[in-house]
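Read the structure below first, then the notes.
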Amino acid sequence: MGHTYLHSAGGRCDVGAQPPVQSDVTGGRPVTDRSFLTVARQSATFMYLLKDCYLYGTDKATPKFKILQLQVKRALHNDPQPGPFTYVVQCMYIVPLLGKTHAEGFSHMLISSLRHLKSVKSVQKDFLDAKHLAARLILDIVASIVPHEERILIKLLEAYDIKLRDMADALYGSELGDEDLVKAKEHLKQYVQCLMESESYVTAVNLITRFSIQCYDESFLTKLIENNHLEAAEKWAVFMGNEMICLIIQKYLDIKMLKRANELVKQHDLTEKFPDVNYLYKESVLKKLAEKGCWDIAEVRAKKETKLMEYLVYLAMEAGYMEKVEELCQRYSLEGYVNSLGKHKDQRYLSYINSCSPAVPEEICCGSDYLDLKELILEDIIWVDEIDGLLNAISYIEACKIIGVDCEWKPNFEKGSKPNKVSIIQIASDKKAFIFDLIKLYEDDPKMLDSCFRRIMCSSNILKLELKCFQSYEMLLDIQKLFKGATGGLSGLSKKILGAGLNKTRRNSNWEQRPLTQNQKEYAALDAVVLVHIFHHVKGQPQFGVTEGCKVEWKSHIVSRVKNSRSPLRF
């Protein structure tokens with residue numbers, strides 16, 4: 001391995017440079033590992049040299065840090081006197097003088113560089129000797145004599161494996177009695193109380209568990225959870241014993257943190273005491289997937305467990321996704337489950353049972369929670385998969401002043417894989433919605449398809465309300481940008497402006513299947529037409545979330561991006 005050179009003369013420092021044939025024009029002299037070790041023996045010189053190398057190095061921050069860390073490891077491995085562990089303690093007194101900007105980073109560099117030395121036999125005596133000095137340093141940090149961050153305090157405790165006896169030795173000397181250990185623990189307990197008052201809960205828990213400080217009760221656990229210090233809460237509960245572990249599991253269940261509750265039950269073999277936690281966790285996973293529209297993944301996660309499959313059917317009914325209900329019932333023979341639900345007189349289930357077709361009207365199932373396409377008085381949804389139909393649709397759209405545009409594609413759930421190509425594009429006025437089958441139209445005549453969409457997307461006479469499905473466009477308005485405070489995507493915006501959100505259960509359905517179901521077509525059409533209705537609703541109205549009287553400055557948000565007309569119109 002080549003030498004690392006530190007050109008410090010002339011105010012220039014190249015970390016990790018290759019050795020020059022001769023000194024550079026600044027007069028810098030290459031410093032080899034041996035001479036580097038010579039200056040490293042003086043901790044203050046060593047630390048300031050490290051800082052200079054970092055400040056004046058020509059590389060970026062992360063590579064510089066890694067190179068310097070390698071150099072620190074080499075220096076420590078070359079056995080600085082009196083030893084690497086003692087030497088690092090000495091350096092830790094110097095580090096705060098480098099300034100707050102660099103102190104924590106260099107502290108972490110020094111401490112982490114000791115890891116590989118713990119197994120080296122030749123430095124074991126130094127490790128044991130340095131424990132007293134490290135404990136003294138920790139007391140100085142606790143007393144705010146040496147200003148280090150709490151995270152560094154914890155790292156020192158771990159790196160030097162500091163025990164209560166080490167702390168007592170630093171406080172009262174080497175000849176220790178039992179009363180000295182009690183006094184040392186009381187001393188640390190007072191510090192823990194100070195940490196609690198300053199809400200430094202994580203550091204407090206680390207000290208409590210390391211030095212077996214028995215203090216605090218259930219209210220402490222509640223504070224940790226309320227402040228979202230969940231790992232610290234679990235660490236403290238384990239330290240306190242089985243009763244506290246059961247208590248934190250129950251608290252997790254009360255606030256629906258089922259994943260963490262399930263992990264604790266498994267780790268501590270408490271299934272007998274909490275027999276339902278694992279199933280409740282699996283149910284919660286299915287519910288989250290269903291809410292995201294990831295029904296296929298939810299089905300795989302159910303793993304053909306009848307009870308979970310029944311719950312998935314229940315979720316599909318709740319969402320009004322009746323073709324999914326039909327699909328699951330047929331695949332897993334769950335018709336009997338659906339019939340049993342009907343006995344409870346739930347209107348949604350009765351609607352399904354009494355229907356002759358799996359495609360139950362959406363409004364029966366979804367109540368008033370979601371926006372119904374019929375409320376927008378859409379005259380027609382037109383499926384376009386032939387060139388003649390494409391030309392007719394484009395002629396109609398060209399006569400419109402405002403259109404909503406959206407697109408759908410088959411989801412790809414394989415991690416790291418590319419998304420699938422757009423399968424359909426829906427374009428709507430306030431009266432009609434056209435759904436274009438891109439798969440079929442592209443196969444039939446790709447040039448005609450490109451030409452037709454270019455006539456629409458690059459027209460300066462039509463305002464396009466969309467989410468940038470295309471890479472080339474004129475007069476495009478992303479309507480969500482008008483409402484900076486709105487959350488929940490298009491559904492959330494619809495809820496704010498029109499009073500009802502959009503049912504997104506079919507968002508991740510298979511948009512490449514042909515034919516699409518009627519519910520899929522209605523879902524696609526609604527996503528496009530709702531843009532037009534939202535725009536008409538807010539145009540000229542006071543801006544949402546802004547003082548009354550302010551107008552929506554929608555015109556300033558219109559954008560254009562026209563590429564070479566010879567290149568295909570990509571989407």
Side-chain angles (χ1 to χ4, degrees), residues 43 82-83 85-97 100 103-104 107-108 110-111 114 118 125-224 227 229 231-241 243-244:
S43 56
F85 287 91
T86 301
Y87 188 75
V88 167
V89 174
Q90 294 171 347
C91 288
M92 292 298 291
Y93 277 97
I94 303 298
V95 168
L97 302 177
K100 194 172 182 179
E104 187 169 359
S107 296
H108 173 76
L110 288 166
I111 296 170
L114 291 172
K118 280 192 174 182
K125 183 179 183 303
D126 176 59
F127 172 69
L128 295 174
D129 292 342
K131 286 168 74 73
H132 172 81
L133 297 174
R136 185 68 256 173
L137 171 61
I138 289 165
L139 288 172
D140 288 339
I141 295 172
V142 167
S144 299
I145 297 171
V146 181
H148 276 294
E149 295 290 331
E150 291 173 11
R151 290 187 292 269
I152 299 303
L153 173 67
I154 300 305
K155 287 181 178 294
L156 283 168
L157 288 168
E158 294 170 350
Y160 287 86
D161 193 24
I162 301 298
K163 308 293 186 185
L164 182 62
R165 180 168 289 277
D166 299 316
M167 299 302 294
D169 179 36
L171 282 166
Y172 309 117
S174 56
E175 295 182 5
L176 300 174
D178 292 340
E179 66 278 5
D180 294 317
L181 295 177
V182 173
K183 286 193 296 182
K185 185 177 288 189
E186 187 61 32
H187 182 92
L188 292 167
K189 185 175 180 179
Q190 291 174 10
Y191 179 56
V192 167
Q193 289 171 342
C194 292
L195 290 170
M196 289 294 297
E197 290 171 5
S198 63
E199 299 185 351
S200 298
Y201 300 118
V202 175
T203 305
V205 168
N206 274 282
L207 293 179
I208 288 170
T209 54
R210 177 166 287 274
F211 299 116
S212 300
I213 300 171
Q214 295 288 342
C215 60
Y216 302 107
D217 53 17
E218 181 182 336
S219 62
F220 179 51
L221 183 65
T222 303
K223 280 184 180 179
L224 290 171
N227 286 275
H229 297 306
E231 290 183 7
E234 292 170 18
K235 186 175 183 178
W236 182 75
V238 171
F239 166 73
M240 294 298 289
E243 183 178 344
M244 203 59 69

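- The closest side-chain heavy-atom distance from Leu139 to Ile145 is not below 4.5 Å.
- In this structure, CG in Leu176 is found 9.5 Å from NZ in Lys183, a value given to the nearest 0.5 Å.
- Taking the ring pair (Phe, Tyr, Trp, His ring centres under 6.0 Å) definition, one finds that Phe85 meets it with Phe127, Tyr160, sequence neighbours left out.
- Looking only at distances, no side-chain donor or acceptor of Asn227 sits under 3.5 Å from a matching main-chain atom of Leu224.
- In terms of modelled atom types and a separation under 3.5 Å, the side chain of His148 and the main chain of Ala103 share no donor-acceptor contact.
- Side chain of Lys185 to main chain of Ile213: no donor-acceptor pair is present (N/O by atom type, distance under 3.5 Å, no hydrogens or angles).
- Put simply, CG on Leu110 and SG on Cys91 are 5.5 Å apart, with the number rounded to the nearest 0.5 Å.
- Annotation for Lys223: atom NZ does not count as buried by contact number, only 12 or fewer foreign heavy atoms lying within 6.0 Å.
- Between Leu181 and Ala168, the closest heavy-atom pair is CD2-CB, 3.9 Å.
- Within 6.0 Å of NZ in Lys125 there are 12 or fewer heavy atoms belonging to other residues, nucleotides or ligands.
- For Glu175, the CD atom is loosely surrounded, since the number of other residues' heavy atoms within 6.0 Å does not exceed 12.
- The side-chain heavy atoms of His187 and Met167, taken from C-beta on, include no pair separated by under 4.5 Å.
- In terms of heavy-atom proximity, Glu158 sits nearest to Lys118 at O-NZ, 3.3 Å.
- When side chains are defined from C-beta on, Ser212 does not count as touching Leu164, because their heavy atoms never get closer than 4.5 Å.
- Residues Ser43 and Ile94 share a closest heavy-atom pair of OG-CG1, 4.1 Å.
- Using a distance-only test at 3.5 Å, with no hydrogens or angles considered, a donor-acceptor pair links the side chain of Thr222 to the main chain of Glu218.
- For Ser219, the side-chain hydrogen bond (donor to acceptor under 3.5 Å, both in side chains) partners at least two apart in sequence or on another chain are Asp217.
- Under the side-chain hydrogen bond (donor to acceptor under 3.5 Å, both in side chains) criterion, Asp161 pairs with Lys163, not counting sequence neighbours.
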Taking it one step at a time, do Glu149 and Lys100 satisfy side chain to side chain contact (heavy atoms under 4.5 Å, CB included)? CA-CA 10 Å; Glu149 295 290 331; Lys100 194 172 182 179; 4.1 Å; yes
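- Taking CE from Met240 and CD1 from Ile208, the interatomic distance works out to 8.5 Å, rounded to the nearest 0.5 Å.
- Note: Ile152 CD1 to Ile141 CD1 = 8.5 Å, rounded to the nearest 0.5 Å.
- Within the structure, side-chain hydrogen bond (donor to acceptor under 3.5 Å, both in side chains) pairs that include any residue of residues 164-173 comprise Lys131-Asp166, His132-Asp169 (at least two apart or interchain).
- Taking both residues in full, the closest heavy atoms of Tyr93 and Leu137 are given as OH-CA, 3.4 Å, listed atom of the first, atom of the second, then distance.
- Annotation: side chain of Phe211 is in contact with side chain of Ile162 (closest heavy-atom distance under 4.5 Å).
- Summarising the geometry of Met92 relative to Ile111, their closest heavy-atom pair is CE-CD1, 4.0 Å, with the distance given to 0.1 Å.
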For side chain to side chain contact (heavy atoms under 4.5 Å, CB included), just list the numbers for Leu171 and Asp180, CA-CA rounded to whole Å, side-chain angles, deciding distance to a tenth of an Å, and then say yes or no. CA-CA 9 Å; Leu171 282 166; Asp180 294 317; over 6 Å; no
Please tabulate, for side-chain N and O atoms in residues 192-204, each donor-acceptor pair with protein atoms closer than 3.5 Å (sequence neighbours left out).
unit_1: Ser198; atom_1: OG; unit_2: Cys194; atom_2: O; d: 3.2
unit_1: Ser198; atom_1: OG; unit_2: Leu195; atom_2: O; d: 3.0
unit_1: Ser198; atom_1: OG; unit_2: Ser200; atom_2: OG; d: 3.3
unit_1: Ser200; atom_1: OG; unit_2: Glu150; atom_2: OE1; d: 3.4
unit_1: Ser200; atom_1: OG; unit_2: Glu150; atom_2: OE2; d: 2.8
unit_1: Thr203; atom_1: OG1; unit_2: Glu150; atom_2: OE1; d: 2.7

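- Judged by distance alone, the side chain of Thr86 and the main-chain N or O of Pro82 form no donor-acceptor pair under 3.5 Å.
- Counting only heavy atoms from C-beta outward, the side chains of Leu157 and Asn206 never approach each other to under 4.5 Å.
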Would Leu114 and Val88 satisfy side chain to side chain contact (heavy atoms under 4.5 Å, CB included), going step by step from the backbone distance to the final call? CA-CA 8 Å; Leu114 291 172; Val88 167; 3.7 Å; yes
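- Under the rule for a ring pair (Phe, Tyr, Trp, His ring centres under 6.0 Å), the partners of Phe220 that lie at least two apart in sequence or sit in another chain are Tyr216, Trp236.
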